[in-house]
Protein chains: 2
Amino acid sequence: MQLPEARRKFIEAWGAFGSAWGISRTMAQVHALLLLATEPLSTDDVMEQLNISRGNANMNLRALIDWGLVSKVLKPGDRKDHFEAEKDVWRIATQITRERKKRELEPMVKLLSELERTEGASNDAKAFRKVTGDLKDLTSRIDAVLERTTRSDVQWFLKAASTLLR
Amino acid sequence: MQLPEARRKFIEAWGAFGSAWGISRTMAQVHALLLLATEPLSTDDVMEQLNISRGNANMNLRALIDWGLVSKVLKPGDRKDHFEAEKDVWRIATQITRERKKRELEPMVKLLSELERTEGASNDAKAFRKVTGDLKDLTSRIDAVLERTTRSDVQWFLKAASTLLR
DNA sequence: GAATATTTTCATTACTTATTGAAACTTCAT
DNA sequence: ATGAAGTTTCAATAAGTAATGAAAATATTC
């Protein structure tokens, strides 16, 4: 396969992948574009290469910065902002994991902890507490592990798990 | 908090949680409803309790069966189908993980393997192969671990990880 | 095998979410 | 201070996704 086609395919696939996981298609595509770029791109570059409007490009670039996946870079002699993606896939993975943990897992653990304290002695109430309690244990354990997870931990885990589960 | 309110909150939250992770809000709500039910529910029960149409209820129940999270149960003396959710949260987690792996991770690994073979000696082509190659390594390692993951593995992992990363 | 009950399908409609584009705002050089 | 270049915002609109409900298909009973 030739580079331009491969590039297009990757951007498209990364967009679809993202949208299956609750990340907007365009945000994922902008991310893919920056991942493949060998040097920082301007807003206009992004607009042009993905055929999106200025507002859209700007919004998604800022969202990516907010997620800690992209950073602004000043190019000497150019007034335009330029944007550069983190290229280390381990850092990308932990960064995404951390953000989602913060945005979705933590609130869920909090809610489940409250719900676990639901009153009532009926079978229904007991069953309710069992389910929410079990879910809370699971989510909070996942949460706790992710809390401590850094690049080297992930590597350690994957290595250990691959070996042990062989 | 009293049971009916807690129940409502949980169903609502589970729906929002699901939709943030690429699972339709209603499918997650139907799942939540069945998780809390102490005995199997009919399509009409689901329609009534969630205020959704028959078509919608039917679609989402079948999707949940497809995901392996819910099963049909025949109630003696009743012609209606009844539905029951898997209640073991570990099994729920591994089941969801497995399905997503199959539906999204595997196709991505496959694509990345192809893209890694992109031709060209330019810097751009080299950078492209580096990024896609790194991503492929990451995703295929995750994939391999999930492949072998069963309930006891998950328990082992979370226990080991919580301890070691303390 | 006709009547009745139940489930499934699917075209239409409603809802949600993303995108545009133009205006407002900011920054910087002179 | 002014204007040129760049960035951000946001109301309007488009695109995408999910839900409805009635009709078709299927299953069950007598």
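Each chain gets a letter, A, B and so on, in the order the sequences are listed, and its residues count up from 1.
- One end of the helix from dG1(C)-dC30(D) to dT30(C)-dA1(D) points its axis 20° away from the other end's axis, with each axis taken from 5 pairs and the angle rounded to 10°.
- Among pairs with a residue in residues 46-62 of chain B, those fulfilling salt bridge (Lys or Arg N to Asp or Glu O under 4.0 Å) read Asp44(B)-Arg54(B), at least two apart in sequence or across chains.
- The stretch residues 53-83 of chain B comes close to DNA chain C through Arg54(B), Gly55(B), Asn58(B), Arg62(B), Lys72(B), Arg79(B), Lys80(B), Asp81(B), each having a heavy atom under 4.0 Å from the strand.
- Here Gln2(B) pairs with Glu119(A), Pro4(B) under the side chain to side chain contact (heavy atoms under 4.5 Å, CB included) rule; sequence neighbours left out.
- Residues from residues 29-51 of chain A lying near DNA chain C, meaning a heavy-atom separation below 4.0 Å, are Asn51(A) in numerical order.
- Shown here are the side chain to side chain contact (heavy atoms under 4.5 Å, CB included) partners of Glu99(A), two or more places apart in sequence or in another chain: Trp67(A), Gln95(A), Lys102(A), Arg103(A).
- Going from atom CD1 of Ile52(B) over to atom C1' of dC15(C) covers 15 Å, rounded to whole Å.
- Residues meeting the salt bridge (Lys or Arg N to Asp or Glu O under 4.0 Å) test with Asp134(B), sequence neighbours left out: Lys130(B).
- With sequence neighbours left out, the side chain to side chain contact (heavy atoms under 4.5 Å, CB included) criterion links Asn60(A) to Ser24(A), Thr26(A), Met27(A), Val30(A), Asn56(A).
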Contacts table for residues 76-85 of chain A: side-chain donor-acceptor under 3.5 angstrom, sequence neighbours left out:
residue	atom	partner	partner atom	Å
Asp78(A)	OD1	Lys80(A)	N	3.0
Asp81(A)	OD2	Lys72(A)	NZ	3.2
His82(A)	ND1	Lys80(A)	O	3.1

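- Separation of atoms CD (Glu12(B)) and CZ (Arg8(B)) is listed at 8.5 Å; rounding is to 0.5 Å.
- Residues passing the salt bridge (Lys or Arg N to Asp or Glu O under 4.0 Å) test with Lys87(B), sequence neighbours excluded: none.
- With sequence neighbours excluded, no residue forms a salt bridge (Lys or Arg N to Asp or Glu O under 4.0 Å) with Arg25(A).
- Considering only residues two or more places apart in sequence or on other chains, Lys126(A) meets the side chain to side chain contact (heavy atoms under 4.5 Å, CB included) condition with Arg129(A).
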